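Sequence lines set the chain letters: A, B, ... in the order given, protein chains first and strands last, and positions in each chain run from 1. Remember, it's a predicted structure, so these values are computed and weren't measured experimentally.
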Amino acid sequence: MQYQYNEIEKNWQKYWAENKTFAAEDNSVKPKFYVLDMFPYPSGAGLHVGHPLGYIASDVYARYKRLCGFNVLHPMGYDSFGLPAEQYAIQTGQHPAITTKTNIEGGTDKDGNVIPGYRKQLDKIGFSFDWDREVRTSDPNYYKWTQWIFKQLFNSWYNKDADKAEKIETLIEQFKTEGNSKVNAVADDVAVFSAADWNSWSEEEQQKMLLNYRIAYLSDTWVNWCPALGTVLANDEIKDGVSERGGHPVEQKLMRQWSMRITAYAERLLSGLDGLDWTDSIKDIQRNWIGKSVGASVEFKVQSSKFKVEELETSNPKPETIEVFTTRPDTIFGVSFMVLAPEHELVAKITTDAQKEKIAAYQKAASLKSERDRMSDVKTISGEFTGAYAIHPFTGDKVPVWIGDYVLASYGTGAVMAVPCGDQRDWDFAKHFNIEIKNIFKDKDISEAAYAEKDAVIANSDFLNDLPVKKASKLAIYEIEKRGFGKGKTQYKLRDAVFSRQRYWGEPFPVYYKGDVPYLVNSDEVIKLPEVEKYLPTEDGRPPLGNAKNWHWDENNNKIVSVPVGQEPPLGVWGLELNTMPGWAGSSWYFLRYMDPKNDNEFVAKEKVDYWKNVDLYIGGAEHVTGHLLYSRFWTKFLYDLGYIPFEEPFQKMINQGMIQGNSALVYNFKKWTGLVDDDKRPCFPLENFPDVYISKNVLDLFNRKEKDLTRISKEKIDEAFNYNEEVRKYRIKIINQLREIEKRYTKKYKEDIEISKEFLVQCSYDENFITSKKIDINYLDGDNLDIERVSKDSRFSFLKEGIFILEDGSLFEFNSSLSGRSGGAFIVGREVDKMSKSKYNVVTPTSTYELDKDGNKIQTSEGLVEKYGADTLRCYEMFLGPLEQHKPWDTQGITGVNGFLKKLWRLFHTGENESFYVDTTPPSGEKEGAELKSLHKTIKKVKEDIERFSFNTPVSTFMICVNELTALKCNKKAILQDLLIILSPYAPHIAEELWAKLGNTESITYAVFPKHNEEYLVESNHKYPVSFNGKMRFMLELPANMSKDDVEAAVMANEQTVKYLAGQTPKKVIVVPKKIVNFVV
RNA sequence: GCUCGAGUGGUGGAAUUGGUAGACACGCAAGACUUAAAAUCUUGUGUCCAUUAGGACGUAUGGGUUCAAGUCCCAUCUCGAGUACCA
């Protein structure tokens, strides 16, 4: 009987679904284990082979844990709000809820394309998800609780004294009784007010004050505005100055937006990392992003033309002060100038009349530079002197104040005290503008560069002399604080997170406005996303929700009401918030909802979250480190502070799966130039009309190879292709001649085609030394051989029809040529490892099927791997590819080996007549069974060890070795094979279930018991000693394993081979490591 | 620039604590079965020298520690990720 994986897999998937095999119990005597996957966004493109990699690994682990007796929570759901569905809605008018549903459940899109559906694709791979717990962030039953959490954030403030978030009521109470002078909160800068002030304020004034303290707050902030997307973006949604999605430019804009006071949690987010089982690189990225620096803030008084030094203390108005932040207060005596950011507000006030013009010009120039220009141009040193001087707080020296764009307005105070001897940028600046460089480091040479190491001893610094950096810093801060011009300070790079999006397809805020004061809706009901006619912003530039008809809040009746456009709302009716929440709102807490997905009364029941606690194993990509993974930590800590959950960190152990890279196909062509120029020497003939010349990869390699390089590739290979080495040069000439021929042909043609009224220099040419390439869909390949005829029929690649191809045998092929048809020479593409993406035409999907093309030919749209080999093979193969964390290119060639292994396994159970099912049920005994038991128990041991250290690839090899050995032993003992099935079942669950049932078991293998290995079976009676001489292994010698060190030495010495290799010499030393090695030092 | 990670056959990779480098698989080659193909099976396969026996070299490069180094230490190169005038 053959291994019919398609049928077997379908049957067992059905069985699991019907029997709810993987349902997790909320109350269990078993220990709990929570395995979580990255939350997927259900895109229309569906799964490609990269997506399931992490899911397979987590599934293997979840199934393994079940076998070990754990109550496993292994859920799946969808992060189903998001931009692509909305963009699609804008284009087609189709509601994003519909496309999202189709993408998850399957169907057809508006153009009639078949969407396989995420769920169906996942099901085909045999994951052990508890689907009863599925959540979708766009489901009102889910986002009801996202809104609820938002309300908690709105109604909370961060108490620094308690170092945690507290209900806003405790703050209001304090305001009422003693004002804000004693409040120690993470908040915006606010003036001190008294209880009397507070109590005298109007409701509106009080609410506005509270916004300065709320964790979810509304404020005018500089935001990253992306005009192309029509929305603001968070810092982590921007890569290299452009939007991560779509690559659109981003500009800074001042907007009234919701923000989250994540900065309140900076320290806890940082210190919390220490207790997590995450890789150091991931922790480093988060640490970097939080960017803690410890130092001091110091005030420098400004002496400008308006003030004289001696008047500083007495002058009226008070002199301006420049506040700086420094991480090196120990170097304060090295300050020889100050630099302000060009945008700094003090610049206008302190600039002397003489310098006004120059400063204005510099400010203008700096403002014109885009952030990108500033980023890329790090080498140019520029700045301008303001004419003003600051007074060094310790020495009283005059210190010139400059502006320069190496100082950023957005970081710290936008000003630095420049210490050129200790900071390379300050040093460069000082050198460039000839400013004094004071050396305050003992015995350090600073004539060539600044000394930035922190191991120096301070000198020329008054009371700091002879102190090492650390001590000097402490003392400097102490003195600064004592003398009252600054204080010790810790600063973070982390910014508060912008929480508004000018988008439709996201969670609405449960907020309405009275004037510009926000209020939470007083209702426990979900505020559902309203219907709109258009998903674009309104004509007056308001977000898409501005198009909604039903979008006002009736305060008296606590419900949403409709106010016709242009009409004043009646009394007590107010407009609702038009922004929606960002993508990370729903994904910041989804792992909690899985514990209690259907609860209508709470976001999660206390007893359930107390049982399941946080995620024990999270497998996901590293691309969300500064977004999702930081925000969910923030929300988790917040919910912990308010006492809703019993833990502070969401993901205890995390593994970051590597990307499965695509193998893009490249066609190479020669760069073409047209030399056709008019009188002004401008090219005036369109380049496109002149055909591209494509060249087959191997031909190109030979063609490109200079004569001296020929020695690098094996002689045979060249000979094979061109008979003789010396032919290669001739061949190169032949190709060049072909190019010249084509040039001539088209040059001539152009001359005929256009009316030549002026004297033109006409020349079309190919640059044989300049090769460019284009990406081609890998589905038109057979191996590396491109089907030129078929690919050119694809509208995306129809430009190939105009091309001329140099084939593998050196002959030419043209579609339009009178010589129709191909010489039979192949056209080989080049390969490049790339991120797998639709735009690179290199996507391989795990589940798709064969389709028929227009002519009825069977074509493989993408490799239908599950159809072709089965889910078990795919699962094992994706694991077999290599370590989970590593990036690797996808290559299906090796999949046959894994498939062969499962077939071999099947055969072990089908040794009866005509390959019918047969196993020997007698208990194992005797010598042959000893070998079988040894093979099995060795496998049990290694597989267990490997899975527990998350090495998912090595168990597959181990299974293969075991099956190979049992096949060689002709093993058909039920007792052996049954245990093998259990340990294999996490990897290949379908075949395991099938054979398990055939062995007579009536229960699913899912809850079998993972066997314990028995060391007794593994004991070797003999050990094969490698015998080395000076570390070089010469021969093997088999000796009893329990032989003593001395006996081993004696036995080896007596061996005739030893005598031979010693060649009469006496060894200086003999090292014997029992059951390991023997080494002679001669 | 800085921080982190990685470099092992033609390919993916294995070697967990310093102890036989290249397990397992792909690919390739030869053979068996077959009218033929597919499938399957057998054998070989790091490189170089040698008919064989055997030998030399070999884990990015150069050095070091050690009886013994892919593994530890120092320096260099290359690639990848993050970050970017962060004071």
Side-chain angles (χ1 to χ4, degrees), chain A residues 2 239-240 279-289 291-293 295 324-328 331 338-339 341 374-381 404-408 410-419 422-426 428-429 491-493 622-623 625-626 656 658-659 661 833 876-877 880-883 885-901 903-904 907 942 945-946 949 951 953-964 1024-1036 1067-1073 1075-1082:
Chain A
Q2 268 203 328
K239 288 265 135 69
D240 302 327
T279 61
D280 286 339
S281 79
I282 294 293
K283 288 184 182 180
D284 274 349
I285 294 170
Q286 287 211 349
R287 283 193 189 109
N288 228 314
W289 191 261
K292 179 179 182 177
S293 30
V324 298
F325 174 75
T326 176
T327 55
R328 295 288 303 271
T331 64
M338 308 199 64
V339 187
R374 270 207 191 184
M375 262 159 60
S376 52
D377 186 16
V378 270
K379 288 196 185 86
T380 319
I381 296 159
D405 66 5
Y406 82 93
V407 177
L408 304 175
S410 58
Y411 186 73
T413 60
V416 301
M417 57 174 227
V419 183
D423 183 283
Q424 192 57 44
R425 286 156 313 165
D426 295 348
D428 292 340
F429 195 87
Q491 188 139 307
Y492 300 91
K493 247 194 314 189
E623 64 270 26
V625 182
T626 53
N656 301 105
M659 230 179 357
Q661 295 160 315
V833 171
C876 291
Y877 183 60
F880 184 66
L881 270 177
E885 298 93 331
Q886 241 166 60
H887 299 269
K888 55 221 148 205
W890 179 251
D891 177 6
T892 54
Q893 279 189 320
I895 202 167
T896 53
V898 177
N899 192 234
F901 147 69
K903 285 182 187 166
K904 254 183 173 174
R907 250 176 271 134
K942 180 155 172 62
E945 284 171 1
D946 285 354
R949 67 186 170 100
S951 170
N953 54 328
T954 45
V956 184
S957 307
T958 309
F959 292 131
M960 287 174 172
I961 294 167
C962 182
V963 166
N964 287 346
K1024 274 191 181 171
Y1025 281 90
V1027 182
S1028 301
F1029 295 80
N1030 289 334
K1032 275 185 187 150
M1033 206 280 286
R1034 291 301 179 180
F1035 64 92
M1036 306 291 290
K1068 291 195 185 96
K1069 203 172 169 186
V1070 183
I1071 289 124
V1072 177
V1073 183
K1075 287 200 249 180
K1076 283 266 165 68
I1077 51 103
V1078 176
N1079 190 18
F1080 285 89
V1081 185
V1082 187

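A:K903 comes within 4.0 angstrom of the backbone, heavy atoms only, and of no base.
At whole-Å resolution of the value, CG in A:D428 and P in B:rC85 are 15 Å apart. The distance between atom OH of A:Y406 and atom P of B:rC86, rounded to the nearest whole Å, is 10 Å. One interatomic measurement links the two molecules: CZ of A:F901 to C1' of B:rU40, which rounds to 18 Å at whole-angstrom precision. As a whole-Å value, the separation of A:Y492 OH from B:rC86 C1' is 15 Å. For the pair A:F1029 CZ and B:rG55 P, the computed distance is 11 Å after rounding to whole Å. Rounded to whole Å, the distance from CD on A:E623 to P on B:rU83 is 12 Å. In this structure, CG of A:L881 is placed 18 Å from P of B:rC24, rounded to the nearest angstrom.
With its glycosidic angle within 90° of 0, B:rG9 is assigned syn.
Pairing of B:rC85, defined by two Watson-Crick or G-U wobble distances under 3.5 Å, is not identified with any nucleotide. In this structure B:rU16 sits in no base pair that meets the Watson-Crick or G-U test at under 3.5 Å. B:rA37 is unpaired under the criterion used here, namely a Watson-Crick or G-U wobble arrangement in which both key atom distances are under 3.5 Å. Under the Watson-Crick and G-U wobble criteria, each requiring two contacts below 3.5 Å, nucleotide B:rA50 is left unpaired. Applying the Watson-Crick and G-U wobble criteria (two distances, each under 3.5 Å), B:rG5 pairs with B:rC79. Using the Watson-Crick or G-U wobble rule with both distances under 3.5 Å, B:rC28 pairs with B:rG44. If you check B:rA68 for Watson-Crick or wobble pairing at under 3.5 angstrom, you find it has no partner at all.
Side chains of A:M338 and A:V324 form a contact here, defined as non-hydrogen atoms less than 4.5 Å apart.
Between A:K493 and B:rU83 there is no side-chain N or O to OP1 or OP2 distance below 4.0 Å. Contact check, A:R425 against B:rC86: a side-chain N or O comes under 4.0 Å of OP1 or OP2. OP1 or OP2 of B:rA56 sits under 4.0 Å from a side-chain N or O of A:R1034.
If you take atom P in B:rC86 and the same atom in B:rA81, they sit 22 Å apart, rounded to whole Å. Rounded to the nearest Å, the gap between the P atom of B:rG7 and that of B:rU45 is 27 Å.
In terms of the side-chain hydrogen bond (donor to acceptor under 3.5 Å, both in side chains) criterion, residue partners of A:D946 (sequence neighbours excluded) are, by chain and number, A:K942, A:R949, A:T954. The side-chain hydrogen bond (donor to acceptor under 3.5 Å, both in side chains) test applied to A:Q286 returns A:R633, not counting sequence neighbours. A:F1029 meets the ring-ring contact (aromatic ring centres under 6.0 Å, His included) test with A:Y1061, A:F1080; sequence neighbours excluded. Under the rule for a side chain to side chain contact (heavy atoms under 4.5 Å, CB included), the partners of A:S293 that lie at least two apart in sequence or sit in another chain are A:F325, A:T327, A:Y411, A:Q491. For A:Y877, the ring-ring contact (aromatic ring centres under 6.0 Å, His included) partners are A:W890, not counting sequence neighbours. Residues forming a side chain to side chain contact (heavy atoms under 4.5 Å, CB included) with A:Q424 (at least two apart in sequence, or on another chain): A:W427, A:D428, A:A449, A:A450. Taking A:F880 as the reference, nothing meets the ring-ring contact (aromatic ring centres under 6.0 Å, His included) condition, with sequence neighbours excluded. With sequence neighbours excluded, the residues that form a ring-ring contact (aromatic ring centres under 6.0 Å, His included) with A:F429 are A:F337, A:W402, A:Y406, A:F433.
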Using nucleotides 1-6 of chain B, report all nitrogen or oxygen pairs with the protein that are shorter than 3.5 Å.
none

Show each protein N/O and nucleotides 16-22 of chain B N/O combination with a separation under 3.5 Å, one pair to a line.
| unit_1 | atom_1 | unit_2 | atom_2 | d |
| --- | --- | --- | --- | --- |
| B:rU16 | O4 | A:K942 | NZ | 2.4 |

Can you name the atoms? Protein N/O to nucleotides 25-28 of chain B N/O, anything below 3.5 Å, with the distance.
| unit_1 | atom_1 | unit_2 | atom_2 | d |
| --- | --- | --- | --- | --- |
| B:rA25 | OP1 | A:N964 | ND2 | 3.0 |
| B:rC26 | O3' | A:Q893 | O | 3.4 |

Dump the pairs, protein N or O against N or O of nucleotides 58-66 of chain B, anything under 3.5 Å, distances to one decimal.
none

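A:K493 places a side-chain N or O within donor-acceptor distance of the main-chain N or O of A:N288, the cut-off being under 3.5 Å. The backbone N or O of A:K1075 sits less than 3.5 Å from a side-chain atom of A:Y1025, completing a donor-acceptor pair.
Note: A:M417 CE to A:T326 OG1 = 3.5 Å, rounded to the nearest 0.5 Å.
Counting heavy atoms of neighbouring residues, nucleotides and ligands inside a 6.0 Å radius, atom CG of A:N1030 exceeds 12 of them.
Checking B:rA14, B:rC41, B:rG12 against the side-chain heavy atoms of A:R907 singles out B:rC41 as nearest. With distances taken from any side-chain atom of A:W289 to the nucleotides B:rA14, B:rC86, B:rU83, the minimum falls on B:rU83.
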